[in-house]
> 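I have a structure I would like to understand better, so I am pasting it below and will then ask my questions one at a time.
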Protein chains: 2
Amino acid sequence: MSSSVAEGAKRRPTLHDVAARAGVSKSLASLALQGSPKVAPASREAILAAANELGYRPNRTASSLVRQRTHTIGVHILDLHNPVFAEILDGVQEAARGHDYSTLLVTGNADPVTERTEITRLLESRVEGLVLIAHRLSDEDLAAIAREVPTVVVTWRTDGIAGLDSVAGDDLAGARLAVDHLAALGHARIAHISGGDNRIARERRSGYERAMADHGLDPLVVDGAFTERGGYAGAEAAVDAGATALVVANDLAAIGALAALRARGLRVPDDVSVVGYDGMRLLDSLDLTTVAQPLAEMGRVAADLLMERIEAPDRPSTHRLVETRLVPRGSSGPAPD
Amino acid sequence: MSSSVAEGAKRRPTLHDVAARAGVSKSLASLALQGSPKVAPASREAILAAANELGYRPNRTASSLVRQRTHTIGVHILDLHNPVFAEILDGVQEAARGHDYSTLLVTGNADPVTERTEITRLLESRVEGLVLIAHRLSDEDLAAIAREVPTVVVTWRTDGIAGLDSVAGDDLAGARLAVDHLAALGHARIAHISGGDNRIARERRSGYERAMADHGLDPLVVDGAFTERGGYAGAEAAVDAGATALVVANDLAAIGALAALRARGLRVPDDVSVVGYDGMRLLDSLDLTTVAQPLAEMGRVAADLLMERIEAPDRPSTHRLVETRLVPRGSSGPAPD
DNA sequence: CTGAAAGCGCTTACAG
DNA sequence: CTGAAAGCGCTTACAG
């Protein structure tokens with residue numbers, strides 16, 4: 001394929017090679033390849049043809065270096081195994097593409113050390129902005145990052161950090177929706193399977209507790225986690241304690257809770273009602289009631305905020321709250337007598 | 001933070017700034033930051049301190065350019081919404097990190113145009129190798145890419161393309177496992193919900209058809225897709241045709257099939273047995289029998305093959321077949337009388 | 001152990 | 001419309 005081969009190793013063609021083959025200067029070749037209108041049609045054609053014949057592929061590391069722009073945003077996803085994050089990502093990518101930005105995706109697999117390494121890598125690659133679809137960074141690390149590059153956090157509200165925007169659902173209100181729904185169905189022994197010790201879990205738990213109090217009901221919180229396993233164990237503890245309804249911290253855990261109930265021979269919703277949280281698409285097939293967030297929209301909003309901040313790095317922080325709603329499905333029904 | 005601020009805009013510190021602050025040359029600063037042992041301890045400390053005070057962050061685009069290496073592999077994922085791919089990715093990343101490579105992740109969202117754009121981006125970023133966790137490229141495109149950079153395809157066997165390795169499960173044998181399992185349970189009306197018109201779907205379908213023939217049973221194939229929706233529609237058609245057992249093309253479609261059966265008021269496995277394909281973790285909670293592939297291992301093997309080829313670009317293509325096994329769960333049971 | 005110089009592949013004023 | 005030159009931020013021989 002390539003014309004000159006040095007000691008068997010194939011050197012990739014550069015702009016220099018293209019220009020030489022087309023019989024023009026590097027500068028002109030560069031202009032032509034960028035589609036500049038100031039190149040004579042004949043030259044342009046010669047250059048494009050040469051590039052084609054050579055299989056020329058522009059070197060982004062070189063052009064980024066000189067342009068001082070990468071036109072790329074970095075996205076960190078906490079955990080690729082939770083489909084919720086993939087749905088948020090859809091929105092981010094759609095909006096980023098709309099602004100003609102590419103996306104560099106990275107995941108910490110819910111491990112803080114890996115996460116920092118990967119985000120550092122993004123920064124070294126000079127992404128122009130960062131979307132964190134959940135994270136485990138400390139406030140200090142987060143502030144340091146936001147000082148370096150426009151950043152938006154999706155999934156929980158993050159104030160008080162300059163240069164940082166956030167997009168989140170109202171977890172307090174969302175958890176209340178779940179309790180209201182179950183209370184309206186006549187449930188009194190409504191348990192909450194918590195999502196562990198993190199901001200979102202705490203918010204959802206508070207929402208549950210306040211709503212229970214408002215309904216004059218005794219709260220019953222059992223330890224769980226944002227995982228199937230966490231939901232499974234939580235559901236066992238909750239039914240042991242006599243719960244007839246479960247407000248589970250997230251959808252994944254709700255799926256685990258369902259498995260636990262099945263293993264116990266309990267019917268859903270006849271014996272126990274289950275409500276999840278997040279609104280991942282799969283729940284439709286699973287017929288699971290949930291508190292749904294507009295996931296893709298959260299991603300879109302995040303990317304849009306990021307683009308705004310890339311344009312105007314010093315604008316004040318903005319925090320968007322998206323609307324959350326209850327989606328009733330077959331996993332919740334009237335309380336047993 | 002930074003010392004000299006030009007017209008309000010903060011310029012990021014470069015190696016030059018670090019060297020100046022430490023009172024040494026750029027070359028020495030570079031060496032020190034790379035941890036070279038040829039730098040005097042005193043100099044090293046001064047340099048590290050200066051870098052720290054300045055908040056210096058090395059510019060990867062610059063170092064990649066001069067080093068002619070990125071130490072990065074690109075990974076394309078067909079569809080982030082199928083957890084199967086995330087599980088394969090785990091293996092890829094684990095192995096890549098083990099070889100001290102970073103990973104650039106990209107997805108085409110199952111759209112061929114986006115896919116090509118994203119892969120092109122990876123190539124322009126000079127990744128040293130490519131793992132395609134499924135793809136929609138033509139053989140020509142694939143061959144062109146493999147000519148440019150070491151490439152391995154995961155998920156189906158791909159021969160006849162130089163410089164390209166592949167890792168796949170034995171779909172023919174796998175589908176047979178599902179049929180054998182159901183036949184052993186006494187089922188005769190075993191339907192296959194196909195995965196559409198693509199290589200994997202065709203293989204699995206053939207496996208099903210051959211196995212049925214070997215059992216002396218009449219095949220019954222209904223159109224489906226590798227999606228919940230496809231499984232849903234397929235299941236409806238299959239039970240209409242009198243099937244008592246469903247061999248579904250993949251797990252996602254099997255989840256959809258379950259939803260269809262539930263909507264029809266059919267019990268699983270009492271009325272209809274369901275077997276999925278892929279082995280995604282979630283199925284454990286869903287109590288769904290499946291033909292499981294060692295997903296993370298497939299990813300690890302792929303990354304290992306890629307590393308080998310990066311070392312020896314001209315070695316012959318190798319194609320690895322991983323072992324597939326049936327994981328029986330609650331969704332399959334004896335045939336109804 | 002340390003510094004001056006060249007160069008990675010590209011883009012962008014600046015002259016003509 | 002086109003070319004020569006400088007430079008993006010770094011690394012790496014090469015002298016000392």
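Here is how names work: the chains are called A, B, and so on, in the same order as the sequence lines, proteins then strands, and each is numbered from 1.
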> Distances under 3.5 Å between protein N/O atoms and the N/O atoms of nucleotides 9-12 of chain D, please, pair by pair.
from: D:dG9; atom 1: OP1; to: A:Gln68; atom 2: NE2; distance (Å): 3.1
from: D:dG9; atom 1: N2; to: B:Ala62; atom 2: O; distance (Å): 3.3
from: D:dC10; atom 1: OP1; to: B:Tyr56; atom 2: OH; distance (Å): 2.6
from: D:dC10; atom 1: OP1; to: B:Asn59; atom 2: N; distance (Å): 3.1
from: D:dC10; atom 1: OP2; to: B:Leu15; atom 2: N; distance (Å): 2.4
from: D:dC10; atom 1: N4; to: B:Lys26; atom 2: NZ; distance (Å): 2.7
from: D:dT11; atom 1: OP2; to: B:Ser30; atom 2: OG; distance (Å): 2.5

> Would you check if A:Arg12 and B:Glu148 make a side-chain contact, meaning some heavy-atom pair closer than 4.5 Å?
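Yes, at least one pair of side-chain atoms sits under 4.5 Å.
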> For atom CZ of A:Arg116, decide whether the heavy atoms of other residues, nucleotides or ligands shown that lie under 6.0 angstrom number more than 12.
no
> Dot-bracket notation for DNA chain D is requested: 5' to 3', Watson-Crick or G-U wobble pairs only, both distances under 3.5 Å, with ( ), [ ], | and . as defined.
|||.||||||||.|||
> Report yes if some heavy atom in the side chain of B:Leu295 is under 4.5 Å from a heavy atom in the side chain of B:Ile88; otherwise report no.
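Result yes, sub-4.5 Å side-chain heavy-atom pair found.
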> Evaluate B:Thr114 against A:Arg97 for side chain to side chain donor-acceptor pair (under 3.5 Å), listing each step before the verdict.
CA-CA 10 Å; B:Thr114 310; A:Arg97 275 199 267 272; 4.9 Å; no
> Going by atom types alone, do A:Gln34 and A:Ser30 pair a side-chain donor with an acceptor below 3.5 Å?
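On atom types as modelled, these side chains qualify, holding a pair under 3.5 Å.
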> Using every non-hydrogen atom in the two residues, find where B:Gly55 and B:Pro13 come nearest and quote the distance to one decimal.
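Nearest pair, atom of B:Gly55 first, then B:Pro13: O-CG, 3.9 Å.
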> Expected output is a numbered-order residue list: members of residues 35-47 of chain B with a heavy atom under 4.0 Å from any atom of DNA chain D. What is it?
none
> Over all heavy atoms of both residues, which pair between A:Val152 and A:Ser166 is shortest? Give the atoms and the distance, please.
CG2-CA, 4.4 Å
> Can you tell me how far CG of A:Leu78 sits from CZ of A:Phe85, rounded to the nearest 0.5 angstrom?
5.0 Å
> Show which side-chain atoms of residues 38-48 of chain A pair as donor or acceptor with protein atoms under 3.5 Å away, not counting sequence neighbours.
from: A:Arg44; atom 1: NH2; to: A:Ser36; atom 2: O; distance (Å): 2.9
from: A:Arg44; atom 1: NH2; to: A:Val39; atom 2: O; distance (Å): 3.4

> With the criterion being N/O to N/O and under 3.5 Å, what pairs connect the protein with nucleotides 14-16 of chain D, and how long is each?
none

> Kindly state each residue pair satisfying side chain to side chain donor-acceptor pair (under 3.5 Å) with at least one member in residues 297-309 of chain A, sequence neighbours excluded.
A:Glu94-A:Arg300, A:His99-A:Asp304, A:Asp165-A:Arg309
> Closest approach of B:Leu123 and A:Arg57, non-hydrogen atoms and distance?
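In this case the closest contact between B:Leu123 and A:Arg57 is CD2-NH2, 3.5 Å.
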> Just by distance, no angles: are the side chains of B:Ser102 and A:Arg121 close enough, under 3.5 Å, to form a donor-acceptor pair?
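A:Arg121 and B:Ser102 do have a side-chain donor-acceptor pair below 3.5 Å.
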